[in-house]
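Notes follow once the structure below has been shown.
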There are 2 protein chains.
Amino acid sequence: MAIGNKTDRRILRTKEAINRAFLEVFSEKEFDRITINDISERANVNRGTIYLHYTDKYDLLNRCIEDHLDKMISSCTLTKFIQEKVDENEAKEALKSLFNYIQENFLFFSSMLSSQKTSIFREGIQKNLTSSIQEKIDMQGINQGMDKEIIIEFTATAFVGTLEWWIINQKPHPPEYMADQVWTLFKRNNITS
Amino acid sequence: MAIGNKTDRRILRTKEAINRAFLEVFSEKEFDRITINDISERANVNRGTIYLHYTDKYDLLNRCIEDHLDKMISSCTLTKFIQEKVDENEAKEALKSLFNYIQENFLFFSSMLSSQKTSIFREGIQKNLTSSIQEKIDMQGINQGMDKEIIIEFTATAFVGTLEWWIINQKPHPPEYMADQVWTLFKRNNITS
DNA sequence: AAACGTTTGTTGTATATTGAACAAACGAGT
DNA sequence: ACTCGTTTGTTCAATATACAACAAACGTTT
């Protein structure tokens with residue numbers, strides 16, 4: 001991942017097409033009933049081409065989740081809110097954009113959570129989030145003397161749980177509201193400076 | 001055109017991508033200012049690939065117009081309303097779907113008409129419509145003894161003019177209303193049975 | 001169990017597309 | 001007039017994808 005040399009346009013295109021197609025079919029059919037052919041037809045791609053990039057239907061599922069989470073994280077610069085010297089407005093904006101991202105890709109997230117494979121998704125997002133926080137967390141200042149692992153785990157768990165609740169309950173509140181609420185909760189728990 | 005043997009998926013995909021990209025860029029930039037690179041980048045296609053399918057920027061424009069008009073005509077089964085023994089409701093539905101098609105692809109049509117190249121587009125759609133009517137028109141019944149060419153020309157001109165007016169004036173009336181009006185006008189002029 | 005259609009991976013060859021380079025034409029600015 | 005950056009077509013070898021065929025595994029039905 002994160003290769004410097006640009007990948008061939010064709011690869012990027014077909015992967016995108018496959019991903020999009022998979023998400024669409026996934027939101028319509030139970031995962032077990034999905035065939036590779038369903039996906040290839042929807043993506044307008046040869047069936048064999050899928051095997052060129054993914055070993056399996058399950059591999060495709062996992063990579064698809066990974067990709068989506070990566071995009072979510074990076075497009076939202078989520079980690080800002082956990083850093084030292086964080087600007088309050090900046091952090092709130094990051095949170096808001098995160099909830100917005102989920103809202104825009106609601107199809108994907110709700111499908112993921114409504115399927116039987118909930119745990120896969122949950123673990124995936126939590127793992128992703130955890131490592132993402134781990135890289136950027138600043139243990140100075142308010143976090144000095146604290147147990148890093150515990151902070152991370154606490155934050156990630158609370159956060160993922162909130163996201164899950166929000167998604168499963170069909171977005172009872174708008175992204176702005178959610179961002180405000182979550183931000184307040186983090187502050188109250190001294191998670192941020 | 002209308003080849004029996006299926007074309008390679010890649011060709012269809014890239015042509016679609018190029019078409020879409022061209023329309024997008026066309027709606028943002030004046031035609032003369034559009035570069036092949038603009039289109040290739042938007043379509044996520046190599047610049048050379050465009051030359052594989054189109055000789056020119058102008059060729060691309062023309063083919064794009066053709067394609068779109070073909071789709072419009074066929075998707076609307078427009079010719080129904082000019083045939084003998086036409087069912088009133090069926091004809092109105094065809095008209096309505098035509099106006100709906102334009103509304104859905106408003107970006108394209110308004111771009112076409114707002115550019116300096118209005119005449120190209122106008123002539124294109126009129127030629128397309130004319131030949132389409134020519135194939136299907138029934139000279140029996142009410143049209144017996146009439147000059148076929150004149151009927152066709154009259155119909156096509158009136159129709160295209162109305163479309164143009166509707167598009168340029170930013171859709172002052174909904175498709176249903178337009179369909180009703182146009183249908184009444186045709187009846188009044190004894191164009192249909 | 002046997003027969004059936006469907007799905008799965010895999011393979012070989014054909015082909016469309018890529019990326020890079022090129023010379024030529026163009027347009028803008030000095 | 002001259003330079004500069006951009007756009008245009010064109011070429012080439014490299015590569016990703018298409019298509020078709022295949023045997024194996026699977027799920028259903030009888």
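Each chain gets a letter, A, B and so on, in the order its sequence line appears, and its residues count up from 1.
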Review point. Has A/Thr35 got a side-chain N or O lying under 4.0 Å from the OP1 or OP2 atom of C/dT6?
Key: no

Review point. When we call it a touch if two heavy atoms are under 4.0 Å apart, what does B/Arg13 touch: a base, just sugar-phosphate, or nothing?
Key: sugar-phosphate

Check your understanding: What is the distance from CZ of A/Arg33 to P of C/dT6, rounded to the nearest Å?
Key -> 16 Å

Can you give each donor-acceptor pair under 3.5 Å made by side-chain atoms of residues 36-45 of chain A, sequence neighbours left out, with the distance rounded to 0.1 Å?
from, atom 1, to, atom 2, distance (Å)
A/Asp38, OD2, A/Lys29, NZ, 2.7
A/Asp38, OD2, A/Thr35, N, 3.1
A/Asp38, OD2, A/Thr35, OG1, 3.4
A/Ser40, OG, A/Asn37, O, 3.1
A/Glu41, OE1, B/Arg9, NH2, 3.0
A/Glu41, OE2, B/Arg9, NH2, 2.7
A/Arg42, NH1, A/Glu24, OE1, 2.7
A/Arg42, NH1, A/Glu28, OE2, 3.4
A/Arg42, NH2, A/Glu28, OE1, 2.9
A/Asn44, OD1, B/Arg9, NE, 3.1

Review point. Can you check side-chain contact (heavy atoms from CB on, under 4.5 Å) on B/Asn46 and B/Tyr51, steps first, answer last?
Key: CA-CA 10 Å; B/Asn46 189 279; B/Tyr51 292 105; over 6 Å; no

Exercise for review: Round to a whole Å and report the spacing from CG of A/Leu12 to C1' of C/dT17.
Suggested key: 14 Å

Review point. Counting any heavy atom closer than 4.0 Å, what does A/Asp56 reach on the DNA or RNA strands: base, sugar-phosphate only, or nothing?
Key: sugar-phosphate

**Study point:** Partner residues of A/Asp8 under the side-chain hydrogen bond (donor to acceptor under 3.5 Å, both in side chains) criterion, sequence neighbours left out
**Key:** A/Arg10

Review point. Within the modelled atom types, does a donor on one side and an acceptor on the other bring the side chain of A/Arg47 and the base of C/dG9 under 3.5 Å apart?
Key: yes

Point to revise | Residue pairs involving residues 96-110 of chain A (criterion salt bridge (charged side-chain N to carboxylate O under 4.0 Å, His left out); sequence neighbours excluded) | key: A/Glu93-A/Lys96

Exercise for review: Name the first nucleotide and the last nucleotide along DNA chain D (5' to 3') that come under 4.0 Å of a heavy atom in chain B.
Suggested key: D/dT7 to D/dC19

Practice item. Could you check B/Asp8 against A/Leu52 and say which one's nearest nucleotide on DNA chain C is further toward the 5' end? Key: A/Leu52

**Study point:** is_close_aromatic(B/Phe31, B/Tyr58), centroid dist under 6.0 Å
**Key:** yes

Review point. Mapping B/Tyr51 and B/Arg9 to their closest nucleotides on DNA chain D, which lands nearer the 5' end?
Key: B/Tyr51

**Study point:** Integer-rounded Å distance: C/dT6 P and A/Glu41 CD
**Key:** 15 Å

Exercise for review: Kindly write out the residues that satisfy ring pair (Phe, Tyr, Trp, His ring centres under 6.0 Å) with A/Tyr177, not counting sequence neighbours, or none if the list is empty.
Suggested key: A/His173

Exercise for review: Establish, with yes or no, whether the OP1 or OP2 oxygen of C/dA16 is under 4.0 angstrom from a side-chain nitrogen or oxygen of B/His53.
Suggested key: no

Review point. With a 3.5 Å cut-off and just heavy-atom distances, do the side chain of B/Arg10 and the base of C/dT17 make a donor-acceptor pair?
Key: no

Practice item. Would you list the pairs meeting salt bridge (charged side-chain N to carboxylate O under 4.0 Å, His left out) in which at least one residue belongs to residues 44-57 of chain B, sequence neighbours left out? Key: none

